[in-house]
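Starting from 1, each residue takes its place in the sequence as its number. Both ligands and their constituent atoms are indexed starting at 1 by order of listing.
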Amino acid sequence: MRFRYHQPIPNFYEIENPHHPKTTISDDFLKEFRDIAIASRFAGLSYAKLDDEFKKEWKIDWDNIIILKYAMSEEILRRDPSKEKCRLMDEEFQEVGAKTFALADILRENGFMADLINPLDDRVSLRAIALQSNDAVITRSNMCLFKEGLNLGFFMIETSIENLPFKDENELEWVRDYCSTCGVCIDRCPENAFDDDGKFLRKLCTAHREGCSVCINFCPFYKRGYDKVKKRYSRMKK
Ligand code: SF4
Ligand code: SF4
């Protein structure tokens, strides 16, 4: 399900894909690319290798995905749900989206195939791709959590680069157990978008329609950050 208030992003490519794309990136150039991304607004990068089963399920033929994560503005997240909040969230989305095209152009210019995945395409779930990175989990409040934070939006680039630093194991699996002990989002949700067992009820959540972010603002992963919550969890388990 996508955020209904986002508008399509115009095509900002300035460079064509190479005819014979390279498939191997050097560590130095990948680091340079990451540094440029972070300097231009992004909080971090993750990488997903899509296996045959996943590609068959979603009817796609992509292999290698670069996930560019950006932190949504705290000032906007603090606002109550409203049309104006949705407009501001879309404005930020458009601004960051334009930067993603520029990053894809850098890859193209250096001989790699790089295409922005349409973030508004209902045929494929970017969140499902994010989980393939082994660098994210879905929290109890149905948010996609990466180590960089809970308030992340993301764009994705499909690329010919085959030697990205893909992760085999997900270090964030513990978050599900932590969520089972927390439940702050359930207590704070103004829409009661959870059933009696604490299971998230998607149809009642207004995040995608009206820009609700109440549970983000109260979640320990947002208020304290991933590392502090992890430390607390480790102490709880001793
Ligand atoms: S508020 Fe608590 S239960 Fe809800 S997502 Fe955050 S950590 Fe998990
Ligand atoms: S309605 Fe708001 S507080 Fe409730 S789950 Fe959705 S985003 Fe979170």
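For the residue pair Asn142/Arg127, the side-chain donor-acceptor check at 3.5 Å is satisfied.
Counting atoms of ligand 2 from 1 in the listed order, those under 4.0 Å from a heavy atom of Ala207 are 7 (S). Counting atoms of ligand 2 from 1 in the listed order, those under 4.0 Å from a heavy atom of Phe200 are 5 (S). For ligand 2 and Glu191, the ligand atoms under 4.0 Å from any heavy atom of the residue are 1 (S). Close contacts between ligand 2 and Cys205 involve ligand atoms 1 (S), 5 (S), 6 (Fe), 7 (S) [criterion: under 4.0 Å to a heavy atom]. The Val214 neighbourhood of ligand 2 comprises atoms 3 (S), with distances under 4.0 Å to a heavy atom of that residue.
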For residues 61-71, which side-chain donor-acceptor pairs fall under 3.5 Å, sequence neighbours excluded?
unit_1: Trp62; atom_1: NE1; unit_2: Glu158; atom_2: OE1; d: 3.3
unit_1: Asp63; atom_1: OD1; unit_2: Lys55; atom_2: NZ; d: 2.4
unit_1: Asn64; atom_1: OD1; unit_2: Lys49; atom_2: NZ; d: 2.7
unit_1: Asn64; atom_1: ND2; unit_2: Thr159; atom_2: O; d: 3.2
unit_1: Asn64; atom_1: ND2; unit_2: Ile161; atom_2: O; d: 3.1
unit_1: Lys69; atom_1: NZ; unit_2: Ser46; atom_2: OG; d: 2.6
unit_1: Lys69; atom_1: NZ; unit_2: Glu148; atom_2: OE1; d: 2.9
unit_1: Lys69; atom_1: NZ; unit_2: Glu148; atom_2: OE2; d: 2.9

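Heavy atoms from other residues, nucleotides or ligands lying under 6.0 Å from CG of Asp52 number 12 at most.
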Is there a side-chain contact (heavy atoms from CB on, under 4.5 Å) between Phe221 and Ile216 once you walk through the steps? CA-CA 8 Å; Phe221 286 106; Ile216 293 181; over 6 Å; no
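With salt bridges taken as basic N to acidic carboxylate O contacts below 4.0 Å, none links Asp197 and Lys199. Under a 4.0 Å N-O distance rule, the pair Arg108/Asp115 qualifies as a salt bridge. A salt bridge links Glu84 and Arg87; the closest N-O separation between the charged side-chain nitrogens and carboxylate oxygens is under 4.0 Å.
For residues 18-33, every residue pair satisfying the side chain to side chain donor-acceptor pair (under 3.5 Å) rule, not counting sequence neighbours, is listed here: Lys31-Asp35. Listed by first and then second residue, the salt bridge (charged side-chain N to carboxylate O under 4.0 Å, His left out) pairs involving residues 163-188 are Asp135-Lys167, Lys147-Glu171, Glu173-Arg176, Asp177-Lys237 (not counting sequence neighbours).
The two residues Leu77 and Ser213 make their nearest non-hydrogen contact at O-OG, 2.8 Å.
Nearest-heavy-atom check against atom 7 (S) of ligand 2 across Gly211, Pro190, Cys212 picks out Cys212.
The protein heavy-atom contact nearest to atom 4 (Fe) of ligand 2 is Cys189 SG, 2.3 Å.
Within the structure, the closest approach of Pro81 to ligand 2 does not fall below 4.0 Å when heavy atoms are considered.
Within the sub-2.8 Å shell of atom 2 (Fe) of ligand 1, the protein contributes these N/O/S atoms: Cys182 SG.
When distances to atom 8 (Fe) of ligand 2 are checked against a cut-off of 2.8 Å, Cys215 contributes an N, O or S atom below that limit.
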